[in-house]
Structure formats: C-alpha cells, structure tokens
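Comments concern the structure below.
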Amino acid sequence: MSWELAGASLKLIMAGMEPVKDAPLSNFGWWRVGGPADLMVDVTDEEQLAAVMDTDLPVTVLGNGSNLLVADAGIRGIVVRLRGNLRDIAFRDPSAGPGLHKTLSGNTGIAVVGAGIANSLLLRKLDRMGVGGVGCLTGVPGTVGGAIRMNAGTRLGEIGERVAFVRLMLPNGSIETLTPDALGFEYRRAHLPTGSVVTRVGLWVSKDDHATEQEHREEHLAYRKASQPLDQPSCGSTFKNPPGDAAGRLIDAAGLKGAVIGGAQISEKHANFFINTGNATAADLHALIKHARDTVHEQFSVTLEPEVHAVGDWPEGTWPL
Ligand code: EPU
C-alpha cells in the first residue's frame, strides 16, 4: 500500500471507520463485474464523511451499484457506502410543530431521508405509514442519493418533481442545501456540484397520494416483470431514451437482440437490458454498449446516450463512447 493510502487509512480509523483495502467490487455492483477499490469504507454520519473528504483522495459513492459499470482495473481512491443515520427517515410536519418527527401526523409534509437508503426500503416504510408521493421510484433499484443524481423515474413520474431540498457535502467538507431550481433536474440528470456527495434529501409526501399510488404500483410492477429480464444481472436500462423514441425499440429494430460479446449479451426480452451471462468483464460490456450505440447510429442516425455511469480506472479513450 502506498504512503498516501496508508495515511488515509489511518485517518479513517482514527475517525472510527474500518477501511477495507483492495475491496472487491464485483460483489456489490448489479452487473457483478469490475476490479477492487483501493479502500472501501462505510460511513455512518456526516462527520465521518467529512473525514473521508479530508483525505484528499478521490471519493466515489457506490450507492448499491445498480447503475454503475465498474472498470476491470477497479477504482482508485476511496469507495464510500452511506450507512448509519445516512439511511434514516424523519418528517417535517407543519401540523406537528417545528423540528423533525418520527411519523407524519398531518396530511402533507416533507420526508427527510438519508441518501443511503434503498429506494425499495423507503417505499416499503412509507407504505406502512400510509404515506405516498414517491411512487415514481417503484421498481427502481438503487439508493435515494443515486435516484437524485440520475433524476430517476418511471412511467409514474420522476423523483425531481418531489424534491423539496437536497443536502450535500462539497469536497472541502462543507455542507450546502440546494433547492430543486438550483439542481436543474432534466430527464435522467441533475446538476450537482462537482465532487459533491448527497447526504440527505427532502421529499414532498402526502397521505392523499398513497391510495392512488398503490393502484398504479401493482400494475407497473407486473408490466416490468413481463417486459424486463429482472432475474438476470443487468443495470436496468443501459441507454437513456432519445427524445420521442425508446432506446429498447431502436436496438431491437437494429436486429441486436441476443447479440453477444464475450460474456455480455443484449437481452432477448428487452433490448435496452445488457446482461452478464456469467463471465462477462467490464470491457465486454463496454464493447457491447459501444457496438449497440454505433449500429443504431449507422441505421437510424440517432445517437444513444448511456444511462449507466462508468466509474473507475478505464483505459484512456474508453469513455465517453
Ligand atoms: N421495445 C421494443 N423492443 C424491446 C424493448 C422495448 O420494441 O426489446 C419498445 C416497447 O414496445 C415500447 C418502447 O420500446 O414501445 C419502450 O419500452 P418500455 O415500455 O419497456 O419502457 P422503456 O422506455 O424501455 C422505461 C424506463 C425503465 C422503466 C420502464 C417502465 C428509461 C430509460 N427506462 O423503460 O427504467 O422501468 O420505462 O416504467 O426511461 C431504468 O431506468 O433502469 C429502468 C429500468
């Protein structure tokens, strides 16, 4: 281990964390590919995250790896997972007075949610409390922080429409709270300050939304199950949909369903899902993604833009495609 990494590791231990060196990342990502992280650490609060930022090593937040393509050479610097109170849920509830509350007693309020909580768990917990508002995350893998970064959504809407505020940490360790206007949500994109880490998110929720959402949810989950290969390792949609069309439709029309490079394959069930059939490398997936993009461009003059994010130590010139 280099002096720099050893020094960073010591700092993290002194701040109460347990960094793991050369941590294998293929266990975490949904594609099950990619090399190790120099250091991987779980942080339980903003103080620990500030200590990570203070090491001056590059910081990558893994979320739950459901939308990331990790390089075969792995990730240099520190990979962080948000745990502890960075997965909490509380409410700002005008009818219950100032401060944060465990439940929503009125009809409408703001759910203040740690960025590390999984979307599915957030939905389950809100559902149990009879609270709705973020049904657009139904079936979306990943964490709330990842959903903000991506402006994740489904046919039921986009998370950006429900955001009251986003609290984040800048690389210098300072905290900033941004309004949705400042975040400039677009289709599958938000404008976050470079190198920042989302720690907490305020989401508009209400009890009125709960019943309507429940109706749509069952229908939506059944649609996904019927149209997407949910039982195979993929990262969901690989490309964003181009304006007025669907990436899946275009890749399908280009005759690419079932196409294989190494251990990577374009799903027979949904052409915007790229699958690890067992022994794919990150390089196989990159080559297949590029092949699909180039073929669609040749045939239809449409340039597809990846929805998945490539992270880590890729050979120079690999990304952007
Ligand atoms: N299509 C084909 N061939 C295929 C796949 C799709 O012709 O192989 C056609 C379908 O018939 C349909 C159109 O393409 O007319 C769109 O397909 P679909 O309804 O499956 O939706 P999608 O646009 O591919 C989006 C989200 C999904 C989300 C579904 C359902 C994006 C990029 N993807 O998929 O989100 O689950 O709607 O709400 O917006 C994700 O983002 O990872 C994701 C899975």
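Each ligand, and each atom within it, is numbered from 1 in the order the structure gives.
The closest approach between M150 and ligand 1 stays at or above 4.0 Å for every heavy atom of the residue.
Side-chain atoms of R32 come within 3.5 Å of backbone N or O of S26 as a donor-acceptor pair. Remark: the backbone N or O of I89 is not paired with any side-chain donor or acceptor of K125 at under 3.5 angstrom. Of the possible polar contacts, one joining the N119 side chain to the P141 backbone as a donor-acceptor pair under 3.5 Å is found.
Across T138, N241, D252, heavy-atom proximity to atom 3 (N) of ligand 1 is greatest for D252.
Residue-ligand proximity, T154 to ligand 1, at heavy-atom distances under 4.0 Å covers atoms 38 (O). Near Y223, with a cut-off below 4.0 Å to any heavy atom, the atoms of ligand 1 are 18 (P), 19 (O), 20 (O). Less than 4.0 angstrom separates some heavy atom of F273 from each of these atoms of ligand 1: 44 (C). Remark: ligand 1 atoms within the under-4.0 Å shell around heavy atoms of E307 are 32 (C), 40 (C), 41 (O), 42 (O). Proximity to Y187 (heavy-atom distance under 4.0 Å) selects the following atoms of ligand 1: 31 (C), 32 (C), 39 (O). Close approach of ligand 1 to F239 is summarised as follows: ligand atoms under 4.0 Å from at least one heavy atom of the residue are 32 (C). Shown in contact with A246 at under 4.0 Å from a heavy atom are these atoms of ligand 1, numbered in order with element: 13 (C), 14 (O), 16 (C). Every atom of ligand 1 with a heavy atom of H220 under 4.0 Å away is listed here by number and element: 30 (C), 38 (O).
The presence of a protein heavy atom under 4.0 Å from atom 12 (C) of ligand 1 is ruled out. Atom 27 (C) of ligand 1 is flagged as protein-proximal [any protein heavy atom, distance under 4.0 Å]. By the definition of a contact as any protein heavy atom under 4.0 Å away, atom 8 (O) of ligand 1 is in contact.
Using bins of under 30°, 30° to 60° and over 60° for the plane-to-plane angle, the ring pair F274/F239 lands in the perpendicular bin.
Each of L203, D127, T143 was compared with L122 under the side chain to side chain contact (heavy atoms under 4.5 Å, CB included) criterion, and only L203 meets it.
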Going through the checks in order, is the salt bridge (Lys or Arg N to Asp or Glu O under 4.0 Å) test met by R188 and E305? CA-CA 11 Å; R188 298 295 176 272; E305 202 190 314; over 6 Å; no
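With hydrogens and angles left out, the side-chain atoms of N172 and S174 include a donor and acceptor closer than 3.5 Å.
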